[in-house]
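Please read the structure below before turning to the comments.
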Amino acid sequence: MFTHVMIGSNDLEQARRFYDATFVALGGEPGEMDARGRLIYAYAGGRLMITTPIDGQPATAANGGTIGLAATSRDHVLAWHEAGTAHGGMAIESPPAERPNGAFVAYLRDPDGNKLTARTSPAQ
């Protein structure tokens, strides 16, 4: 259904350090900057893009919004969470844990305040 998710950042170099670390922890590659100055992370057919807002106003995090990232294993979720907190992210909600449906889940806020989750599918 989705081709990409775009979020704003007030500091693209700080965002790059955070997202490079967390995407590598999930088995992806570091991001690339495109000609328009946007960071692009591509993985398994999806893209996460990070940019400074084109209207010149400060980037703000969505209240109630969450970006979910697929992880292939519990170890990837834990590595993602550790990489995120080591690179400017903040652990939020509960510690990484298995949910009643069998999914293993962790939550972070990126350096700009965007809420992220990495999770395994319930079947894993």
Side-chain angles (χ1 to χ4, degrees):
M1 177 187 301
F2 302 106
T3 59
H4 68 279
V5 172
M6 176 85 74
I7 58 176
S9 175
N10 294 306
D11 185 338
L12 286 178
E13 283 309 310
Q14 182 180 38
R16 176 179 278 218
R17 289 188 298 273
F18 175 84
Y19 283 101
D20 279 1
T22 58
F23 268 74
V24 168
L26 288 176
E29 299 290 328
E32 294 186 13
M33 190 76 71
D34 74 2
R36 296 174 64 186
R38 302 174 298 190
L39 283 170
I40 300 175
Y41 294 86
Y43 187 75
R47 295 186 338 156
L48 175 65
M49 300 167 67
I50 301 142
T51 188
T52 55
I54 60 174
D55 66 2
Q57 298 297 311
T60 59
N63 184 20
T66 303
I67 298 168
L69 303 169
T72 57
S73 71
R74 175 187 175 117
D75 288 341
H76 276 146
V77 172
L78 293 170
W80 173 86
H81 193 262
E82 183 177 323
T85 57
H87 289 86
M90 181 174 63
I92 58 171
E93 299 192 15
S94 62
E98 187 170 322
R99 293 288 171 92
N101 68 357
F104 192 78
V105 180
Y107 287 92
L108 292 171
R109 286 211 183 265
D110 75 4
D112 287 291
N114 296 295
K115 184 178 175 183
L116 309 166
T117 182
R119 60 183 54 228
T120 62
S121 67
Q124 292 178 323

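Taking CD of Glu13 as the start and CE of Met33 as the end, the distance is 5.5 Å to the nearest 0.5 Å. For the atom pair OG (Ser73) and CZ (Phe104), the distance works out to 9.5 Å, reported to the nearest 0.5 Å. Taken to the nearest 0.5 Å, the CE atom of Met49 stands 7.5 Å off from the CZ atom of Arg36. Of the inter-residue distances, the one linking His4 atom NE2 with Arg38 atom CZ reads 7.5 Å to the nearest 0.5 angstrom. One distance of note links CD1 of Ile67 with CG of Leu116; it measures 5.5 Å at 0.5 Å rounding.
In this structure, Phe23 and Glu29 approach most closely via the heavy-atom pair CB-O, 4.0 Å. Residues Leu26 and His76 approach most closely at CD2-O, 3.8 Å, considering heavy atoms. Taking all atoms of both residues into account, the shortest heavy-atom contact from Arg47 to Ala42 is CG-CB, 4.1 Å. Between Arg74 and Thr120, the shortest heavy-atom distance links the atoms N-CG2, 3.7 Å. Ile50 and Ala15 get closest at one heavy-atom pair: CG2-CB, 4.2 Å. The two residues Ala106 and Val77 come nearest to each other via the heavy atoms CB-CG1, 3.6 Å.
Within 6.0 Å of CD in Glu82 there are 12 or fewer heavy atoms belonging to other residues, nucleotides or ligands. Around CG of Asp55, the count of heavy atoms belonging to other residues, nucleotides or ligands within 6.0 Å exceeds 12.
When each of Thr85, Asn114, Leu108 is paired with Phe18, the side-chain contact (heavy atoms from CB on, under 4.5 Å) condition holds for Leu108 and for no other.
Under a hydrophobic-cluster definition in which Ile, Leu, Val, Met, Phe, Trp and Tyr are linked whenever side-chain heavy atoms come within less than 4.5 Å, directly or via other members, Leu39 and Val5 are assigned to the same cluster. Cluster annotation: Leu69 is connected to Tyr41 through the hydrophobic network of ILVMFWY side chains, with a link wherever side-chain heavy atoms come within less than 4.5 Å. Neither Val24 nor Tyr19 shares a network with the other; the hydrophobic side chains, linked directly or stepwise wherever heavy atoms of I, L, V, M, F, W or Y lie under 4.5 Å apart, form separate groups for each.
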Yes or no on side chain to side chain contact (heavy atoms under 4.5 Å, CB included) for Arg119 and Tyr107, after CA distance, side-chain angles and deciding distance? CA-CA 9 Å; Arg119 60 183 54 228; Tyr107 287 92; 3.0 Å; yes

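The main-chain N or O of Gly68 is never found under 3.5 Å from a side-chain atom of Thr117 such that the two would form a donor-acceptor pair. A distance-only check finds a donor-acceptor pair linking the side chain of His87 to the backbone of Ala83 [under 3.5 Å]. No donor-acceptor pair under 3.5 Å is formed between the side chain of Asn10 and the backbone N or O of Asp112. A donor-acceptor contact shorter than 3.5 Å links the side chain of Ser9 to the backbone of Asp11.
Taking 4.5 Å as the limit, some side-chain heavy atom of Lys115 sits within range of a side-chain heavy atom of Ile92. Two residues are said to be in side-chain contact when any heavy atoms from C-beta on lie closer than 4.5 Å; Val105 and Pro96 fail this criterion.
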